[in-house]
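Below you'll find the structure, written out as structure tokens, and then a few comments.
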Amino acid sequence: MARPKRPYDIVLFGATGFTGGLTAEYLARAIPPKASWALAGRNTAKLEDVRARLGVLWSELPLLQADVSDPASLRELAESTRVLVTTVGPYVKYGEPLVAACAEAGTDYLDLTGEPEFVNRCYTRYHERAVETGARLVHSCGFDSIPYDLGAYFTVLHLPEGVPLRVRGFVRASAMISGGTYESAITFFARVRANRAAHRQRAEAEPRLTDRRARAVGGRLHHDSDAKAWAVPLPTIDGPVVGRSARALERYGPDFSYSHYAAVHRLPTLLGGATALAGIAAAAQIPLTRRWLLRRVPAGTGPSPARRARSWFTVRFVGEGGGRRVITEVSGGDPGYDETAKMLSESALCLAFDDVPPTAGQVTTATAMGDALIERLTKDGITFTVLDEPPTGPPSRRSRGGEL
């Protein structure tokens, strides 16, 4: 579908938040000189403060006023740009009107959500309209869920075609959780029934595969020799995202499964973390204690540059199929803020300017951008590496840690 001409290539909504500000700073450094972009939000004075941080080169950067409670302002915002990026969460509270506006306007939409209820609800309500208008609705374009989605895709490319494939992912990280991620997690715990209902509605609406299988499977707690750690099943949005990419792309083979784990080296750490998580989940069910939990990590706040500089993440993937076995790894710096801002920004730049597959509707990063986004991220320090691959068999494709 031909893309309409718009005043802006990219608009960032929510630039006055902590992660939004980092995203604005990244875009200011990375966007092509002739591109047109703008910042958007409800508070013009705060937007002016963000613009001032970007330096004299962007002193005339347009500032657009819009509010999630004003559908007309969101409609005007969506119609002004080719790609609309939002960091305003929790998305289950604030995100849906913007998705609706983008689906109607044929505007590409990107966010950072890790909220399954929101993603499933948006699929059932806006996927078909987005297909009609040509809009690409791409959720989870940060640490949720790019390292896992693109990492599994990268691993599949090193395995034979046309055979059943099994991939396991093991994540490790050292970082402070973001205020937005924390609030989204508490909201998730408090909305168990709503999450189940949204999942069921999507399952009823989504077409079923008839000639192949692709799924995320839960896995079990065990000590894993490949991860060299305890493997703890993670019931996050990341596994289902990988499964959706596998459903959409034939390259994942006739029977694909993905299991998603946290890699924990010490058993006491595992037990302590599980106990704390169970306590938080229980407390989130009660309004009074839920409000207390939300005050512990205020939204819009984040760690200092020095603390972020010490943060890191790695995700190790073990892929098997057709008699071959490969181990790959995706790694980077601070996952909750710096690398998330990078992933979100590069996703926007990729959709706006790169030659990517023709897609529409609610799609994943692997489906919508795939190789082009991996290439962008490796050029700016997020590594996709082959750690172990048998020397026999068909030639494979390698990226940083090899070349893509």
Side-chain angles (χ1 to χ4, degrees), residues 23 26-27 30-32 83 85 108 110 112 136 138-161 165 167-171 173 214 238-239 241-253 256 258 260 312-319 326-335 338-359 363-389 394-404:
T23 304
Y26 187 96
L27 282 171
I31 200 163
V83 179
V85 182
D108 292 338
L110 300 169
L112 294 173
R136 293 170 287 195
V138 193
H139 302 285
S140 308
C141 295
F143 190 58
D144 286 325
S145 300
I146 281 181
Y148 322 106
D149 192 27
L150 293 186
Y153 170 77
F154 175 72
T155 304
V156 165
L157 294 180
H158 289 78
L159 292 168
E161 296 187 50
L165 302 178
V167 176
R168 294 172 290 143
F170 305 91
V171 58
D238 308 306
V241 168
V242 173
R244 287 169 195 142
S245 294
R247 286 171 58 87
L249 298 173
E250 295 279 347
R251 181 61 179 85
Y252 286 71
F256 174 86
Y258 175 74
H260 189 53
W312 55 269
F313 78 89
T314 65
V315 190
R316 178 167 295 190
F317 297 89
V318 180
V326 63
I327 299 177
T328 66
E329 190 171 88
V330 179
S331 61
D334 172 54
D338 291 341
E339 300 295 48
T340 281
K342 178 187 300 181
M343 294 176 206
L344 181 62
S345 298
E346 291 294 352
S347 296
L349 294 168
C350 190
L351 282 186
F353 303 115
D354 292 353
D355 183 13
V356 294
T359 56
V363 290
T364 65
T365 53
T367 307
M369 293 170 272
D371 296 335
L373 185 53
I374 290 177
E375 184 174 357
R376 278 186 169 274
L377 295 175
T378 57
K379 285 181 178 178
D380 209 10
I382 295 179
T383 64
F384 291 71
T385 307
V386 178
L387 300 178
D388 182 26
E389 182 179 32
S396 62
R397 305 174 65 186
R398 307 174 80 94
S399 72
R400 186 171 283 193
E403 294 80 29
L404 180 67

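The structure displayed is predicted, hence computed values, not measured ones.
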Closest approach of [X] to [Y] (non-hydrogen atoms, all atoms of both residues):
X: A366; Y: L249; value: O-CD1, 4.1 Å
X: V315; Y: P147; value: CG2-CB, 4.1 Å
X: A152; Y: V242; value: CB-CG1, 3.7 Å
X: C141; Y: I146; value: O-CD1, 3.4 Å
X: A368; Y: P357; value: O-CD, 3.5 Å
X: G151; Y: T328; value: O-OG1, 4.4 Å

Heavy-atom side-chain proximity of [X] to [Y] below 4.5 angstrom:
X: L373; Y: S347; value: yes
X: F256; Y: V167; value: yes
X: V330; Y: F313; value: yes
X: Y252; Y: S245; value: yes
X: V386; Y: I327; value: no
X: L351; Y: V138; value: yes
X: L112; Y: L344; value: yes
X: Y153; Y: I374; value: yes

Inset, instruction - Test L165 against V156 for side-chain contact (heavy atoms from CB on, under 4.5 Å), laying out the working first. - result: CA-CA 8 Å; L165 302 178; V156 165; 4.0 Å; yes
Inset, instruction - For a side chain to side chain contact (heavy atoms under 4.5 Å, CB included) with V363, tell me which candidate from H139, M369, R136 qualifies. - result: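 Result for side chain to side chain contact (heavy atoms under 4.5 Å, CB included) with V363: R136.
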Legend entry - Residue that, paired with T155, satisfies side chain to side chain contact (heavy atoms under 4.5 Å, CB included) out of F384, Y258, F317: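 It is F317; the other options fail the test.
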Legend entry - Distance in Å, S145 OG paired with L150 CG, rounded so as to fall on 0.5 Å steps: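 Rounded to the nearest 0.5 Å, the OG-CG separation comes to 10.0 Å.
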Legend entry - Spacing of D371 atom CG and F154 atom CZ [to the nearest 0.5 Å]: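 CZ of F154 is found 10.0 Å from CG of D371.
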Given 3.5 Å as the limit, does a donor-acceptor pair link the side chain of [X] with the main chain of [Y], or not?
X: T340; Y: P335; result: yes
X: E329; Y: T385; result: no
X: R168; Y: H260; result: no

Inset, instruction - Would you sort out whether Y148 and F143 count as a ring pair (Phe, Tyr, Trp, His ring centres under 6.0 Å), showing the intermediate values? - result: CA-CA 8 Å; Y148 322 106; F143 190 58; 5.7 Å; yes
Legend entry - SB check D149 R244 (cutoff 4.0 Å):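 Between R244 and D149 there is no salt bridge, as every charged N stays at least 4.0 Å from the carboxylate O atoms.
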Inset, instruction - Output yes when K342 and E346 qualify as a salt bridge under the 4.0 Å nitrogen-oxygen rule, no when they do not. - result: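 No, this pair does not count.
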Inset, instruction - Quick one: do V83 and L110 satisfy side-chain contact (heavy atoms from CB on, under 4.5 Å)? Show the steps, please. - result: CA-CA 8 Å; V83 179; L110 300 169; 3.9 Å; yes
Inset, instruction - Determine, step by step, whether M343 and I382 satisfy the side-chain contact (heavy atoms from CB on, under 4.5 Å) criterion, reporting the C-alpha distance in whole Å, the side-chain angles of both residues, the deciding distance to 0.1 Å, and the verdict. - result: CA-CA 9 Å; M343 294 176 206; I382 295 179; 3.9 Å; yes
Legend entry - side-chain hydrogen bond (donor to acceptor under 3.5 Å, both in side chains) evaluation trace for S331 with T383: CA-CA 5 Å; S331 61; T383 64; 2.5 Å; yes
